[in-house]
Every structure is written in C-alpha cells, then in structure tokens.
Trainee: 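The structure's right below; bear with me while I get my questions together.
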Number of protein chains: 2
Amino acid sequence: MRRHAEFDPQDFLPYLLNQAAETLSLEFQRHYRGQYGMLRTEWRVLFHLGCYGEMTAKEICVRARLHKTKVSRAVAALQAKRILTRRELESDRRHAVLQLTSLGQRVFADLSRAAHAFDSEVRAAMTPDEAEVLHRCLIRIAAFETAQRTG
Amino acid sequence: MRRHAEFDPQDFLPYLLNQAAETLSLEFQRHYRGQYGMLRTEWRVLFHLGCYGEMTAKEICVRARLHKTKVSRAVAALQAKRILTRRELESDRRHAVLQLTSLGQRVFADLSRAAHAFDSEVRAAMTPDEAEVLHRCLIRIAAFETAQRTG
DNA sequence: AACTATTGGTTGTAAATGTAACTAACAAGC
DNA sequence: GCTTGTTAGTTACATTTACAACCAATAGTT
C-alpha cells in the first residue's frame with residue numbers, strides 16, 4: 001500500500017506533538033468539563049488566576065498566550081459561574097482586576113489536585129531523565145515564534 | 001502576586017505540551033492554509049494518503065485518529081479542490097477508496113518537502129539525543145488512552 | 001426470505017472559535 | 001482644550017467543530 005515511504009506522519013514533530021497533546025487534553029477534560037462544565041479556555045484562565053493570583057485580563061492574555069476575545073468570553077462565563085469577580089481600578093478604568101471567589105478557590109484547589117495527579121500519572125510513563133529532557137524540549141519549542149498571537 | 005505557588009502551569013505537562021503543539025501548528029499552517037487554503041484536517045487527510053497511499057475514509061479515521069465526520073467533510077473539501085478522487089468498490093458499495101489526483105500528488109510533494117524542512121528546523125533546536133527522547137516520550141503519550149475517539 | 005445489528009459514511013444543528021470592527025478610557029502632541 | 005493614537009475589553013459575524021440523528025449497504029439470525 002505505501003507508495004511514498006519518504007516520510008511517516010509519526011516522524012513529523014508537529015503532528016506527533018499534536019497527537020500527544022490532544023490525547024492528554026481530551027483525558028484531562030473530564031475533570032473541568034465533566035465536573036464543572038467548564039471549557040478549556042475557562043480552565044486555563046482559572047488555572048492562571050489560581051497559580052499566580054489576581055490579575056487583569058490582559059495579563060492573562062500574555063501569560064497564557066490567549067487571544068483577548070477568548071479570555072473575554074471565558075471571564076464572562078466564569079463570572080456567571082461565580083468563580084471569579086472583577087474589580088475596576090479607579091486609577092485606570094479600562095482595567096479590571098480579576099480575582100477568584102471562595103468558590104473559585106475551592107474549584108481551583110480541586111482541579112489543581114487533579115492536575116497534579118494526572119501529571120504524575122503521565123510522568124510515570126517515563127524515567128526522571130526522560131521527563132526532564134521532555135520538559136526542556138517543550139519549553140524550547142513553545143518559545144519558538146511567539147509573535148502575533150497574544151494580542 | 002503569586003499566592004498559590006504550589007503549581008506552575010509550565011510544569012503541568014498537558015498544558016506545556018499544548019503550548020508547544022499549538023506553536024508549531026500555527027507556524028506550519030502558513031504552508032497548507034496560506035498556499036492552498038486547506039484546513040488542518042484536510043492537510044492531515046492529504047498527509048496520510050500521500051504517505052501511505054490510497055485507502056478508505058475509515059482507514060484514515062483509524063490511522064489519523066480523526067472522527068468520521070471530520071474526515072467526511074475534509075474529503076469532500078479535498079475532492080472539490082481536485083486533490084483526490086473516490087472510487088467505489090463493487091465488492092462492498094459502502095466503501096470508497098480515496099486516491100490523490102496528480103494535482104494532489106504535486107501538492108503533497110510540496111507540503112511534504114515543507115514539512116521535512118520545518119521538522120529539521122525544529123530539531124535544530126535540540127541535540128540528536130534530546131530529539132530521540134522527545135520522540136520516544138511523545139509516542140508513548142500519544143498512545144495513552146486511545147479509546148472512544150476513532151469512531 | 002424477513003428481521004435485526006453493524007458498518008461506512010453523510011447531514012443537520014448547536015456550540016465554539018477566529019477575525020474584524022467597535023467602544024470607552026487614557027495618553028501625547030500641539 | 002482638541003485632535004490623534006493607543007490600550008483594555010466587548011460585540012458581531014463568519015468559519016469550524018462536535019454531537020446526534022440519519023441513510024444505505026452488508027452481515028448475521030431465524
């Protein structure tokens with residue numbers, strides 16, 4: 001069957017990386033989607049607020065590398081779910097600092113625990129050395145060409 | 001600012017993996033999208049047909065781990081673009097074997113070359129040893145829990 | 001042969017995403 | 001103080017995706 005054997009999809013890094021990423025994402029979805037009806041972007045916003053503390057939508061855009069419209073919609077959804085509140089700054093009324101409610105903190109604590117457990121589960125499939133190399137490579141790849149994506 | 005330092009997004013493998021994958025995907029999009037107006041799923045279908053030779057939509061679903069509706073629509077789009085043709089089997093008229101047209105083969109050759117070059121570019125960011133570990137880990141992760149996704 | 005189940009594939013519709021255009025608040029130049 | 005530019009964020013609309021229901025062909029059962 002194989003007519004053009006020059007190249008196997010499995011050897012094309014972007015493809016393989018995507019397969020791996022999708023596999024894990026799909027698996028972890030169960031937690032934030034199944035338990036809390038959250039979308040991936042919502043989970044990311046919650047994740048960042050939980051890890052780094054309160055910040056503005058813009059800061060989330062930059063840190064999480066998400067487009068502002070996605071963040072805007074995720075924030076609205078999380079607000080509707082009583083996971084976070086927004087506090088406008090008098091110093092500059094364009095900004096609004098986002099902060100988790102106590103419910104938000106509980107949800108974050110729960111998902112954070114699940115994330116930790118899942119991470120360990122994945123790492124169990126490799127040696128500590130491998131995990132370190134993997135981490136290093138991914139960081140490097142993620143930094144590849146970050147332009148025009150964080151507006 | 002950081003209030004909950006227990007966990008950094010950068011250390012959560014699914015998240016990091018996603019960032020890396022998205023970075024590369026977005027970059028490589030330029031080729032199939034910019035040059036040929038193809039969607040990611042279309043490129044994947046083309047990729048598989050080009051690499052492995054003609055096969056049915058179902059086989060593509062299994063190999064590429066894509067849902068049948070995605071493949072169905074991608075095939076329709078590629079057909080409209082004169083990239084592939086379908087040939088029904090008399091032995092079982094539910095099946096249709098998909099094959100690249102000569103245009104499809106030229107497009108595949110071009111994108112395949114671009115993919116190769118891009119892959120090398122990415123690999124240049126790491127040592128051969130690292131690349132090998134990365135490859136191994138990703139294969140392992142991609143195989144994690146393949147159920148209910150290929151229907 | 002008739003009845004059900006399964007399989008390969010398509011279509012309809014709702015949800016999600018991307019892109020561009022927009023508003024409001026502030027900043028800078030004159 | 002008024003015009004111009006920038007920045008934070010939202011909204012509108014078009015494209016894409018997900019999910020379920022569907023159809024047609026075949027296989028399996030009686």
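Residue numbering restarts at 1 for every chain, and letters A, B, ... go by the order of the sequence lines.
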Trainee: Without decimals, in angstroms, what is the distance between B/Asp92 CG and D/dG28 P?
Mentor: 12 Å

Trainee: Nearest-Å distance, CD (A/Glu90) to P (C/dA25)?
Mentor: 14 Å

Trainee: Return whichever of A/Arg73 or A/Leu89 has its heavy-atom-nearest nucleotide of DNA chain C closer to the 5' end.
Mentor: A/Arg73

Trainee: Flag the pair A/Phe28 / B/Phe12 as yes when their ring centroid distance falls below 6.0 Å, and as no otherwise.
Mentor: yes

Trainee: Can B/Asp110 and B/Arg106 be counted as an ion pair, charged N to O under 4.0 angstrom?
Mentor: no

Trainee: Once you round it to whole Å, what is the distance between P of D/dA12 and NE2 of A/His67?
Mentor: 17 Å

Trainee: Could you tell me the separation between the CG atom of A/Leu39 and the C1' atom of D/dA18, rounded to a whole number of Å?
Mentor: 12 Å

Trainee: Yes or no on salt bridge (charged side-chain N to carboxylate O under 4.0 Å, His left out) for B/Glu90 and B/Arg93, after CA distance, side-chain angles and deciding distance?
Mentor: CA-CA 5 Å; B/Glu90 312 94 57; B/Arg93 289 213 315 290; over 6 Å; no

Trainee: From CD of A/Gln29 over to C1' of C/dA15, roughly how many Å is that when rounded to an integer?
Mentor: 13 Å

Trainee: Round to a whole Å and report the spacing from CD of B/Glu22 to C1' of C/dG18.
Mentor: 12 Å

Trainee: Taking only side-chain nitrogens and oxygens of A/Thr69, does any of them come within less than 4.0 Å of OP1 or OP2 of C/dG18?
Mentor: no

Trainee: Can you measure B/Gln79 atom CD to C/dT10 atom C1' for me and round it to whole angstrom units?
Mentor: 13 Å

Trainee: Using atom NZ of B/Lys70 as one end and atom C1' of C/dG9 as the other, report the distance to the nearest whole Å.
Mentor: 17 Å

Trainee: Using a heavy-atom cut-off of under 4.0 Å over every strand shown, decide if B/Ala96 touches base, sugar-phosphate, or nothing.
Mentor: sugar-phosphate

Trainee: Using a cut-off of strictly less than 4.0 Å, decide whether A/Lys68 has a side-chain nitrogen or oxygen near OP1 or OP2 of D/dT10.
Mentor: no

Trainee: Kindly state whether the ring of A/Tyr15 and the ring of B/His48 have centres lying under 6.0 angstrom apart.
Mentor: yes

Trainee: Is there a side-chain polar atom (N or O) of A/Ser72 under 4.0 Å from OP1 or OP2 of D/dT10?
Mentor: yes

Trainee: Taking 4.0 angstrom as the limit, do B/Glu88 and B/Arg94 come out as a salt bridge?
Mentor: no

Trainee: What string of B, S and - do you get for nucleotides 2-7 of chain D, 5' to 3', if B is base contact, S is sugar-phosphate-only contact and - is no contact with any protein heavy atom under 4.0 Å?
Mentor: ----BB

Trainee: Considering only Ile, Leu, Val, Met, Phe, Trp and Tyr, and joining two whenever side-chain heavy atoms are under 4.5 Å apart, list the other residues clustered with A/Val133.
Mentor: B/Val133

Trainee: A/Arg93 or A/Arg40: which one's nearest nucleotide on DNA chain C is closer to the 5' end?
Mentor: A/Arg40

Trainee: Does B/Glu59 come within less than 4.0 Å of B/Arg63, counting only side-chain N to carboxylate O?
Mentor: no

Trainee: For C/dA16, does either OP1 or OP2 sit under 4.0 Å from a side-chain N or O belonging to A/Arg33?
Mentor: yes

